[in-house]
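Just below is one structure, and these are the notes that go with it.
Start at 1 with the first residue, then count along the sequence.
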Amino acid sequence: MHIMLLYFSFLKVIGNVESGAEIHAAGNIIVLGSIEGEIHAGTNGDKNAIIFAWKLRSKSLSIDGCDAGESVESSEFGVTAFLQGGKIR
């Protein structure tokens, strides 16, 4: 099953974003859980958008259209992804 959520502002998810789920938000995305699905922040051109999650297992993550690839690593304290110099850190 494929589930897509489009949101035109800041989004907070309490729980996990499972594989097969897809989230697009114009602003920040905060996930109080793990991310395994697709997640895209800053979809309306917000270069200052961030993505935060307790655990990051997604292979499809982007901010303002910039794809993260393998550049974002999880830690035991959570992970914050943001744009810096045109790349996601």
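- Taking CG of Leu83 as the start and NZ of Lys47 as the end, the distance is 7.0 Å to the nearest 0.5 Å.
- In this structure, a donor-acceptor pair under 3.5 Å is present between the side chains of His40 and Ser62.
- Of the options Ile35, Asn28, Val31, a side chain to side chain contact (heavy atoms under 4.5 Å, CB included) to Ile51 is made by Ile35 and by none of the others.
- The CG atom of Leu11 lies 7.5 Å from the CD1 atom of Ile39; values are rounded to the nearest 0.5 Å.
- A donor-acceptor pair under 3.5 Å is formed between the side chain of Asn16 and the backbone N or O of Ser34.
- When each of Glu36, Glu38, Glu18 is tested with Arg57 by the rule salt bridge (Lys or Arg N to Asp or Glu O under 4.0 Å), just one qualifies, namely Glu36.
- Put simply, OG1 on Thr80 and CZ on Arg89 are 15.0 Å apart, with the number rounded to the nearest 0.5 Å.
- Here the shortest heavy-atom pairing between Gly27 and Ala41 reads O-CB, 3.4 Å.
- Residues Phe8 and Ile23 do not share a hydrophobic cluster, clusters being chains of Ile/Leu/Val/Met/Phe/Trp/Tyr side chains in contact below 4.5 Å.
- For Val17 against Ala21, the heavy-atom pair with the smallest separation is CG1-CB, 3.9 Å.
- Side-chain atoms of Ser58 come within 3.5 Å of backbone atoms of Gly37 as a donor-acceptor pair (strictly under, hydrogens ignored).
- Pairing each heavy atom of Ile50 with each of Ile63, the nearest pair is CA-CD1, 4.4 Å.
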